Amino acid sequence: MARARLATVVAAAARAAAGVRPAISAESRAALATAVRKGSSAAATSFVRASAGSQSGYSRWLPAAAFLPAAVYMAQDPTVEAAELERTFIAIKPDGVQRGLISEIVGRFERKGYKLVAIKLIVPTKEFAAQHYDDLKERPFFNGLCDFLSSGPVVAMVWEGQGVIKYGRKLIGATSPQASEPGTIRGDLCVQVSRNIIHGSDGPETAVAEIGLWFKPEELITYTHNAEKWLYE
Ligand code: DAT
Ligand code: MG
């Protein structure tokens, strides 16, 4: 299990599924919800089959399969929550720092209800920037991007909350500010793709890798925030 995933919170889809099929364990339901959320219906299907394995195979398989469409439906329905407690890496790039947008950006994550678990101001070397953007090394803008990220202070942060990886990206907006909706950070606060002020991990694996690249384990603070009892039931 990835380090950034502190605990698996059973998703609403799985909770609803529990009402339909209480014989399936919470752990199984959570894994199913995760598989479905990742769009892997094949994985979800095989998981249900496997979890039914110890009982008389066929009769357990059919009832288990019965809630799968509901889980798929819920994963696609934005009004239904299906999120895990997780951590993501967020960075305010040198343009965001120089334009005085630190408090604005931190405030948006804070007001949403996410918990800050690490923060530091750092001027990355170009080599470090290249490591961070390694997946983009074949792109024509890679060199300029690394020059830019290493051109001044960056606010590196880790934020924690249910669904913070995916929803953090929603708060940030599309890569190009021109395509970002008003109300998002990039939609509201910047204009050009190469000066888009903020970085956010794009998935669970990148979140783990980026948190590990930018922070030592002891820099991540685990604590209970007062607001948690009002944010989570
Ligand atoms: P994101 O930051 O939304 O995850 P990305 O990973 O595709 O986007 O690209 C990383 C950064 O590279 C992006 O925030 C800004 C820069 N970038 C992306 N596309 C670009 C382009 N066409 N020209 C210049 N810079 C670009
Ligand atoms: Mg990216």
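Read the numbers this way: they start at 1 and go in the same order the structure lists the ligands and their atoms. Everything quoted here is computed from the prediction, not taken from an experiment.
Ring centroids of Phe109 and Trp159 are separated by less than 6.0 Å, placing the two rings close together.
Distance check, rounded to the nearest 0.5 Å: CG of Leu220 to CD1 of Ile211 gives 6.5 Å.
With Asp188 contributing its side chain and Gly183 its backbone, the two residues share a donor-acceptor pair below 3.5 Å. Distance alone, capped at 3.5 Å, places no donor-acceptor pair between the Glu160 side chain and the Tyr114 backbone.
Under 4.0 angstrom from ligand 1, the non-hydrogen atoms of Arg169 all belong to its side chain. Contacts between Leu145 and ligand 1, counted as non-hydrogen atom pairs separated by less than 4.0 Å, involve the side chain only.
The minimum heavy-atom distance between Arg87 and Ala207, with the atom names listed, is O-CB, 3.5 Å. In plain terms, the two heavy atoms of Pro153 and Gln98 that are nearest each other are CD-NE2, 3.9 Å.
In terms of protein heavy-atom proximity, atom 15 (C) of ligand 1 is nearest to Val193 O, 3.3 Å. Looking from atom 2 (O) of ligand 1 to the surrounding protein, the closest heavy atom is Arg186 NH2, 3.0 Å. Residue, atom and distance of the protein heavy atom nearest to atom 21 (C) of ligand 1 are Phe141 CD2, 3.5 Å.
Numbered from 1 in the order shown, with element, the atoms of ligand 1 that lie under 4.0 Å from a heavy atom of Tyr133 read 10 (C). Residue Lys93 approaches ligand 1 through these ligand atoms, each under 4.0 Å from one of its heavy atoms: 13 (C), 14 (O). Atoms of ligand 1 found under 4.0 Å from any heavy atom of Thr175, numbered from 1 in the order shown, are 1 (P), 3 (O), 8 (O), 13 (C), 18 (C).
Under a cutoff of 6.0 Å and an axis angle of 45°, Lys93 and Phe148 do not form a cation-pi pair.
Residue Asn196 holds the heavy atom nearest to atom 14 (O) of ligand 1 of all those in Asp202, Ile197, Leu136, Asn196.
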